[in-house]
Novice: 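First the structure, then my questions, so here it is.
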Amino acid sequence: MIEINTIRTQPDLVKKGLAKKHFKDIQLVDELLQVDEQRRKVQQSLEDIRGKENILAKEIGELFKQGKKDEAETKKAQVTGLKEESAKLTEQLNKLESDQKDILVKFPNLPHSSVPEGKTPEENEVLKQVGEIPTLHDGATPHWDIAKKYDLFDLELGVKITGAGFPVYRGKGAKLQRALVAFFLDHAIEAGYEEVIPPYMVNEASAFGTGQLPDKEGQMYHATEDDFYLIPTAEVPVTNIYRDEIIEEKDLPKKNTAYSPCFRREAGSYGKDVRGLNRLHQFEKVEIVQIAHPDKSYDILEDMVKHVEVLLQKLELPYRILRLCGGDMGFASALTYDFEVYSAAQKRWLEVSSVSNFETFQTNRLKTRFRDENKKVRLAHSLNGSALALPRIVASLLENHQTKDGVTIPAALVPYTRFDKIA
RNA sequence: GGAGAGAUGGGUGAGAGGCUGAAACCACCAGUUUGCUAAACUGACGUACGGGUUAAACUGUACCGAGGGUUCGAAUCCCUCUCUCUCCGCCA
């Protein structure tokens with residue numbers, strides 16, 4: 001949620017930011033300001049009347065104590081008149097407050113000044129590309145064929161058990177998953193992140209806090225009986241650790257990492273985009289999350305980018321880093337770097353990580369604050385990144401490292417898999 | 001799933017219609033004392049939304065699990081819900 005104060009003091013800046021994100025209803029900014037002004041007016045008159053009521057109530061109490069019943073009754077009559085008025089104003093205020101929130105919740109976050117203009121993924125800015133694009137041997141195949149050959153995962157079996165997009169990993173395929181998770185977690189822990197194992201279902205307040213609700217309702221699986229949502233990413237439960245918290249400045253930044261399965265409904269794609277492990281309803285991911293001082297959050301974002309880079313280098317995968325353009329960024333993000341890994345057999349780049357600074361957009365909803373050096377309570381910044389999502393890493397690992405007689409496991413991963421070849 | 005008890009500030013915990021935004025103790029913070037630490041003493045110490053201010057000061061309203069109700073007045077009484085604990089049942 002954009003801070004109301006920003007909209008009040010810098011409406012033009014807000015409009016410009018929203019335009020960069022290709023938000024359609026920019027006139028909502030002016031509507032919001034009107035509602036806000038009205039709301040404050042009503043709130044003031046209401047509080048004024050409430051104040052009078054409070055004073056009278058006290059006086060009535062006094063009078064009763066002194067036995068001056070008649071005077072007390074006269075005052076009671078006065079209060080009755082005030083109450084009618086305050087009831088009316090309360091109703092108005094509630095309406096205005098909910099109107100205001102309804103609008104506020106629709107605004108995406110404002111983009112950072114470095115975010116490039118643009119609407120489509122093609123307009124994302126490629127910052128750098130690292131690593132050799134491998135030339136594959138004759139007869140090299142996409143990962144779904146490799147998986148079949150070595151019995152690493154089985155999508156049809158998943159269809160039988162659940163449905164499309166729920167793979168069954170088996171044998172070395174399963175072990176590879178486990179190895180990658182451990183490898184990623186160990187790196188995060190080494191970088192100072194505290195590991196947590198969060199719930200994989202969250203309540204409505206948590207889903208709202210990180211921005212999944214009300215915007216992306218349809219992307220989450222919803223257990224309606226208990227009104228829980230299956231997490232689309234560990235970001236949701238982990239960031240919500242800090243909901244309604246005031247953190248001492250000296251304790252910032254808070255750094256957490258978590259492995260979790262992720263559940264996404266993601267309707268509406270087809271063809272090669274969803275072949276094999278390219279797009280799944282359930283997948284594994286290690287997430288890193290930080291709650292940061294506003295002055296430091298962009299330095300921290302760079303650190304997180306570096307963290308992900310090192311992982312990809314150790315896995316010996318060619319990657320590139322993109323700075324997302326305004327139109328392709330997520331709803332809640334102020335600046336997002338996407339990581340893509342080259343999938344040699346599919347001959348395309350696959351997104352494997354997204355690292356973002358949300359500034360105060362999430363923390364404003366979450367009420368995640370810190371006490372600064374002047375003892376003032378302020379909103380912290382929240383950041384997160386995938387470090388890393390497994391399926392496409394597995395896909396490119398299998399494709400890029402395939403040889404005529406099997407798939408070579410990168411050296412950094414061998415201590416975790418305890419085999420160096422899939423053959 | 002059944003029965004009972006409970007939910008108050010960072011923590012423990014008092015309060016049982018007006019004197020309570022809330023005792024006391026602990027923790028935290030600032031200071032005094034001290035060679036240093038400890039102890040002792042003094043003081044400050046919730047949040048949100050408004051008003052006010054360059055910023056403070058100051059000030060209004062709301063908040064004692066959540067929502068509703070009774071009342072001139074509710075942490076306190078009533079209703080609904082949620083959660084926690086104890087016992088029983090079931091269970092990895």
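Lettering of chains follows the sequences in order, A, B, ..., and the numbering in each one begins at 1.
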Novice: Return the nucleotide paired to B:G35: Watson-Crick means purine N1 to pyrimidine N3 with N6-O4 or O6-N4, wobble means G-U with N1-O2 and O6-N3, both under 3.5 Å.
Specialist: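 Because no pair has both required distances under 3.5 Å, B:G35 counts as unpaired.
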Novice: For the residue pair A:R243 / A:N240, report whether a side-chain donor-acceptor contact shorter than 3.5 Å exists.
Specialist: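 A:R243 and A:N240 do have a side-chain donor-acceptor pair below 3.5 Å.
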Novice: Can a salt bridge be assigned to the pair A:D99 and A:R39 using a cut-off of 4.0 Å between side-chain N and carboxylate O?
Specialist: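 No, this pair does not count.
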Novice: Decide yes or no on side-chain contact (heavy atoms from CB on, under 4.5 Å) for A:D338 and A:N124, but give the supporting numbers first.
Specialist: CA-CA 9 Å; A:D338 264 13; A:N124 293 334; 5.6 Å; no
Novice: Could you give the distance separating B:G60 and B:G21 at their P atoms, to the nearest angstrom?
Specialist: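 Comparing P positions in B:G21 and B:G60 gives a spacing of 12 Å.
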Novice: What integer number of Å spans the C1' atoms of B:C77 and B:C64?
Specialist: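 Each nucleotide's C1' atom is 16 Å from the other's.
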Novice: For B:G52, which nucleotide in any strand shown is its Watson-Crick or wobble partner with both distances under 3.5 Å?
Specialist: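 In the structure as shown, B:G52 has no Watson-Crick or wobble partner.
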Novice: Which letter, B, S or -, goes with each nucleotide of nucleotides 50-69 of chain B from 5' to 3', with contact meaning a protein heavy atom under 4.0 Å?
Specialist: SS--------BBS-------
Novice: Quick one: salt bridge (charged side-chain N to carboxylate O under 4.0 Å, His left out) pairs with a partner in residues 305-314 of chain A, sequence neighbours left out?
Specialist: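 Passing the test, one end in residues 305-314 of chain A: A:K128-A:E309.
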Novice: Partner lookup for B:A22, please. Criteria are Watson-Crick or G-U wobble with both distances under 3.5 angstrom; report none if nothing qualifies.
Specialist: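 With both distances under 3.5 Å required, B:A22 matches none.
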Novice: In whole angstrom, give the distance that lies between atom CD of A:E248 and atom P of B:C45.
Specialist: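 Distance, rounded to whole Å: 16 Å.
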Novice: With a 4.5 Å heavy-atom cut-off, do A:D25 and A:K106 have their side chains touching?
Specialist: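 Not touching, per the 4.5 Å side-chain cut-off.
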Novice: What integer number of Å spans the C1' atoms of B:U42 and B:U34?
Specialist: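 It comes out at 16 Å once rounded to the nearest Å.
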Novice: What's the NZ-C1' distance between A:K58 and B:A74, to the nearest Å?
Specialist: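 A:K58 atom NZ is separated from B:A74 atom C1' by 13 Å.
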Novice: B:G46 pairs with which nucleotide, Watson-Crick or G-U wobble, both distances below 3.5 Å?
Specialist: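 B:C63 is the nucleotide pairing with B:G46.
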Novice: Sequence neighbours excluded, which residues qualify as side-chain hydrogen bond (donor to acceptor under 3.5 Å, both in side chains) partners of A:E47?
Specialist: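 If we apply the side-chain hydrogen bond (donor to acceptor under 3.5 Å, both in side chains) test to A:E47, skipping adjacent residues, the hits are A:Q43.
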Novice: With sequence neighbours excluded, what pairs up with A:E3 under the side-chain hydrogen bond (donor to acceptor under 3.5 Å, both in side chains) test?
Specialist: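 A:E3 satisfies side-chain hydrogen bond (donor to acceptor under 3.5 Å, both in side chains) with A:T360 once adjacent residues are dropped.
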Novice: A:E204 CD to B:C81 C1': how many Å, rounded?
Specialist: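 Those two atoms, CD and C1', are 15 Å apart.
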Novice: List the atom pairs, donor and acceptor, that lie under 3.5 Å between side-chain atoms in residues 148-170 of chain A and the rest of the protein, sequence neighbours left out.
Specialist:
residue : atom : partner : partner atom : Å
A:D154  : OD1  : A:E156  : N            : 3.1
A:D154  : OD1  : A:L157  : N            : 2.9

Novice: Who does B:U76 pair with, Watson-Crick or G-U, both distances under 3.5 Å?
Specialist: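 Because no pair has both required distances under 3.5 Å, B:U76 counts as unpaired.
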Novice: Between side-chain atoms of residues 49-62 of chain A and protein atoms elsewhere (two or more places apart, or another chain), which donor-acceptor pairs fall under 3.5 Å?
Specialist:
residue : atom : partner : partner atom : Å
A:R50   : NH2  : A:T90   : OG1          : 3.2
A:E53   : OE2  : A:S86   : OG           : 2.8
A:N54   : ND2  : A:R50   : O            : 3.4
A:E59   : OE1  : A:K75   : NZ           : 2.6

Novice: How long is the line joining CD of A:E62 and C1' of B:C19, in whole Å?
Specialist: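 That distance rounds to 9 Å.
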Novice: Heavy-atom nearest nucleotide on RNA chain B for A:E59 versus A:E53: which residue maps closer to 5'?
Specialist: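 First, find each residue's nearest nucleotide; the 5'-ward one identifies A:E59.
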Novice: Using atom P of each nucleotide, how far apart are B:U76 and B:C19 to the nearest Å?
Specialist: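 Each nucleotide's P atom is 14 Å from the other's.
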Novice: Side chain of A:A57, heavy atoms from C-beta onward: which of B:G18, B:G46, B:A48 has the nearest atom to it?
Specialist: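 Nearest listed nucleotide: B:G18.
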Novice: Whole Å only: how far is the CG atom of A:D251 from the P atom of B:C28?
Specialist: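 In whole Å, B:C28 P and A:D251 CG are 14 Å from each other.
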Novice: Donor-acceptor pairs under 3.5 Å, side chain of residues 183-203 of chain A to any protein atom, not counting sequence neighbours: which ones?
Specialist:
residue : atom : partner : partner atom : Å
A:D186  : OD2  : A:Y416  : OH           : 2.7
A:Y193  : OH   : A:Q290  : NE2          : 2.9
A:E194  : OE1  : A:N256  : ND2          : 3.0
A:N203  : OD1  : A:A205  : N            : 3.3
A:N203  : OD1  : A:S206  : N            : 3.0
A:N203  : OD1  : A:S206  : OG           : 3.2

Novice: So which of residues 73-89 of chain A are in contact with RNA chain B, with a heavy-atom cut-off of under 4.0 Å?
Specialist: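 Hits under 4.0 Å, by residue number: A:K76, A:V79, A:K83.
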Novice: With the threshold set at under 4.0 Å for non-hydrogen atoms, list the residues of residues 359-368 of chain A touching RNA chain B in residue-number order.
Specialist: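 Contacting residues: none.
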Novice: Applying a 3.5 Å limit to both distances, which nucleotide forms a Watson-Crick or G-U wobble pair with B:G6?
Specialist: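 B:C83 - that is the nucleotide pairing with B:G6, both distances being under 3.5 Å.
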Novice: Sequence neighbours excluded, which residues qualify as side-chain hydrogen bond (donor to acceptor under 3.5 Å, both in side chains) partners of A:K172?
Specialist: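 side-chain hydrogen bond (donor to acceptor under 3.5 Å, both in side chains) check on A:K172 returns nothing, list empty.
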Novice: Determine the interatomic distance between P on B:A75 and the same-named atom on B:A62; round to the nearest Å.
Specialist: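 Looking at atom P only, B:A75 and B:A62 are 10 Å apart.
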Novice: With sequence neighbours excluded, tell me which residues meet ring-ring contact (aromatic ring centres under 6.0 Å, His included) with A:H222.
Specialist: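 With sequence neighbours excluded, A:H222 shows a ring-ring contact (aromatic ring centres under 6.0 Å, His included) to A:Y229, given in chain and number order.
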Novice: Taking atom C1' of B:C81 as reference, at what distance in whole Å does atom CG of A:D227 sit?
Specialist: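 To the nearest whole Å, that distance equals 14 Å.
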Novice: Taking a pair as Watson-Crick or G-U wobble with both distances under 3.5 Å, which nucleotide is matched to B:C28?
Specialist: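 B:C28 is paired with nothing.
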Novice: Check the distance between B:C28's P and A:I247's CD1 and give it to me in whole angstrom.
Specialist: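 Whole-Å distance recorded here is 20 Å.
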Novice: Who pairs with A:Y259 by side-chain hydrogen bond (donor to acceptor under 3.5 Å, both in side chains), at least two apart in sequence or on another chain?
Specialist: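 side-chain hydrogen bond (donor to acceptor under 3.5 Å, both in side chains) check on A:Y259 returns A:E284.
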Novice: Does A:E73 CD have over 12 foreign heavy atoms under 6.0 Å away?
Specialist: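 Above 12, so yes.
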Novice: Provide the distance between the two C1' atoms, one in B:C58 and one in B:U53, to the nearest whole Å.
Specialist: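 To the nearest whole Å, 9 Å.
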Novice: Which whole-number value in Å describes the distance from A:F370 CZ to B:U47 C1'?
Specialist: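 Taking CZ of A:F370 and C1' of B:U47, I get 16 Å after rounding.
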Novice: Write down the distance separating the C1' atoms in B:A22 and B:A56, rounded off to the nearest Å.
Specialist: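 Each nucleotide's C1' atom is 27 Å from the other's.
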Novice: Partner lookup for B:G1, please. Criteria are Watson-Crick or G-U wobble with both distances under 3.5 angstrom; report none if nothing qualifies.
Specialist: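 Check on B:G1: paired to B:C88, both distances under 3.5 Å.
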Novice: With rounding to whole Å, what would you report as the distance between B:A16 and B:G6 at their C1' atoms?
Specialist: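 So the two C1' atoms sit 15 Å from each other.
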